[in-house]
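Take a look at the structure set out below.
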Amino acid sequence: MFYQVKQYIKYLLKATNQHGVHSPFVYDLVTKCFYDKTKYPEYYKIKDFIIRLKSVKLKISVSDFGAGSKKLHTKQRKISDIAKTSGTTIKRAKLLFRIVNYFKAQNILELGTSIGFATQAMSRVNPNSKIDTIEGCPQISDYNKKHFHAILLDNINQITGNINDVIKDLNSKNYDLIFFDGNHKKEPTLHYFESLLSTTHNNSVFIFDDIYWSKGMTQAWETIKQHPKVTVTIDTFYWGIVFFRKEQAKEHFIIRV
């Protein structure tokens, strides 16, 4: 926790808004997406999904394949407890909705479904999009499948399995956006990044969750920033956003969101 507080203070001292951005591409992204004040109708469904799951008392057995929860240490967990400690916040779910909408992402991959907060936010952008989402815990995955089907989110392909195994069958695909939220450790994060580089095109977007989760995650983020295929990167503290646009000069931004 001390590490994250220290890093957040550093972030606040360096972060800027659109007025400190001189790249037209990033300026448009910040002003038209990050700071978009439109009250999208889907926001109500996104918020309702999150609030409802925070009250579900059903207990399931949980297997952690990544860094695990910092707050929950029992195998038997209530859906409500998982939702309160492991799910994306409403604010970030709305931002993810806007990013997917802004880039018109059609083919999406999510590493780490958890309880599906981010998944459903991305799903609501366009019913014709295709979302592959991987969850390692069979019980959570089974719950998600039933829940997504019940609320008619039919563009979500819930995949059950260890990410290391599953991505071997996905690296021949092309993805417009990949949300990395499956393992908050340095080596697995870098492995996923390297393994999925083959799925990118010039306008692909990678989003890494919790880049200041630990020193290891921050080291992974710094390594990713320096990769020769990476051009523009944006640090929003909670997320690290990566672009591969060949027409852009290599540049790093720290943006207050």
Side-chain angles (χ1 to χ4, degrees), residues 1-23 26-27 29-37 43 46-47 50-51 54 64 66-73 81-100 102 110-112 114-115 117-118 121-122 177-190 192-193 205-227 230-243 250-257:
M1 180 62 73
F2 176 75
Y3 175 76
Q4 291 176 325
V5 171
K6 182 179 178 181
Q7 295 304 311
Y8 188 61
I9 293 171
K10 289 182 179 179
Y11 161 80
L12 290 176
L13 293 173
K14 296 179 181 178
T16 186
N17 54 25
Q18 72 271 29
H19 300 300
V21 174
H22 302 293
S23 162
V26 177
Y27 180 86
L29 175 62
V30 172
T31 56
K32 297 177 182 179
C33 177
F34 289 3
Y35 297 165
D36 179 9
K37 301 301 182 183
Y43 281 179
I46 290 170
K47 182 178 180 180
I50 293 174
I51 291 174
K54 288 183 177 180
D64 285 319
S69 170
K70 288 186 175 182
K71 297 181 180 179
L72 301 178
H73 304 287
D81 290 337
I82 300 172
K84 291 172 185 176
T85 58
S86 303
T88 299
T89 65
I90 293 174
K91 179 181 179 180
R92 271 176 262 167
K94 290 179 179 179
L95 176 57
L96 190 56
F97 172 92
R98 294 198 300 275
I99 292 173
V100 171
Y102 181 81
E110 179 183 35
L111 308 187
S114 184
I115 209 66
F117 288 178
M122 294 188 289
L177 185 146
I178 301 181
F179 186 49
F180 294 76
D181 190 21
N183 193 318
H184 295 75
K185 295 179 181 178
K186 177 182 178 180
E187 295 305 326
T189 298
L190 290 175
Y192 302 157
F193 168 72
V205 185
F206 281 9
I207 303 176
F208 293 87
D209 187 59
D210 281 333
I211 55 175
Y212 294 105
W213 171 275
S214 64
K215 289 183 180 179
M217 274 300 293
T218 306
Q219 289 169 356
W221 171 238
E222 291 299 323
T223 299
I224 289 166
K225 284 163 54 179
Q226 299 306 317
H227 194 278
V230 171
T231 53
V232 175
T233 59
I234 299 176
D235 178 346
T236 70
F237 186 74
Y238 296 105
W239 291 346
I241 306 175
V242 173
F243 300 93
K250 195 172 185 72
E251 198 168 0
H252 177 61
F253 298 87
I254 302 176
I255 303 295
R256 192 176 298 112
V257 177

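The chain is numbered in sequence order, starting from 1.
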May I ask you to test the T223-H227 pair for a side-chain heavy-atom distance under 4.5 Å?
no
Side chains of V30 and N17: does their closest heavy-atom pair fall under 4.5 Å?
no
Pairs flagged by side-chain hydrogen bond (donor to acceptor under 3.5 Å, both in side chains) wherever residues 230-242 is involved - sequence neighbours left out
D209-W239, Y212-D235, T233-H252
Heavy-atom pair with the smallest gap, counting every atom of [X] and [Y]:
{"X": "F34", "Y": "L95", "value": "CD1-CD1, 3.9 Å"}
{"X": "Y3", "Y": "K215", "value": "CE1-CG, 3.3 Å"}
{"X": "A93", "Y": "T88", "value": "N-CG2, 3.6 Å"}
{"X": "L190", "Y": "A220", "value": "CD2-O, 3.6 Å"}
{"X": "K54", "Y": "F117", "value": "CE-CE1, 4.4 Å"}
{"X": "Y102", "Y": "L29", "value": "OH-N, 3.6 Å"}

Can you check whether [Y]'s main-chain N or O pairs, donor with acceptor, with [X]'s side chain at less than 3.5 Å?
{"X": "T189", "Y": "N183", "result": "yes"}
{"X": "T16", "Y": "I255", "result": "no"}
{"X": "K186", "Y": "S214", "result": "no"}

Of the options I99, V100, I46, which is the one that meets M122 in a side chain to side chain contact (heavy atoms under 4.5 Å, CB included)?
V100
Can you tell me how far [atom2] of [Y] sits from [atom1] of [X], rounded to the nearest 0.5 angstrom?
{"X": "Q219", "Y": "E187", "atom1": "CD", "atom2": "CD", "result": "9.0 Å"}
{"X": "R256", "Y": "I254", "atom1": "CZ", "atom2": "CD1", "result": "10.5 Å"}
{"X": "F253", "Y": "H22", "atom1": "CZ", "atom2": "NE2", "result": "8.5 Å"}

Would you find more than 12 non-hydrogen atoms of other residues, nucleotides or ligands less than 6.0 Å from K32 atom NZ?
no
Go through the steps for F237 and L12 under the test side-chain contact (heavy atoms from CB on, under 4.5 Å), then give the verdict.
CA-CA 9 Å; F237 186 74; L12 290 176; over 6 Å; no
Going by distance alone, is a donor N or O of one side chain under 3.5 Å from an acceptor N or O of the other, for R98 and Y35?
no
Please name the residue in the list W213, W221, F208, Y192 that meets the ring-ring contact (aromatic ring centres under 6.0 Å, His included) test with H184.
W213
Check for me whether the distance between the ring centres of F193 and F180 falls short of 6.0 Å.
no
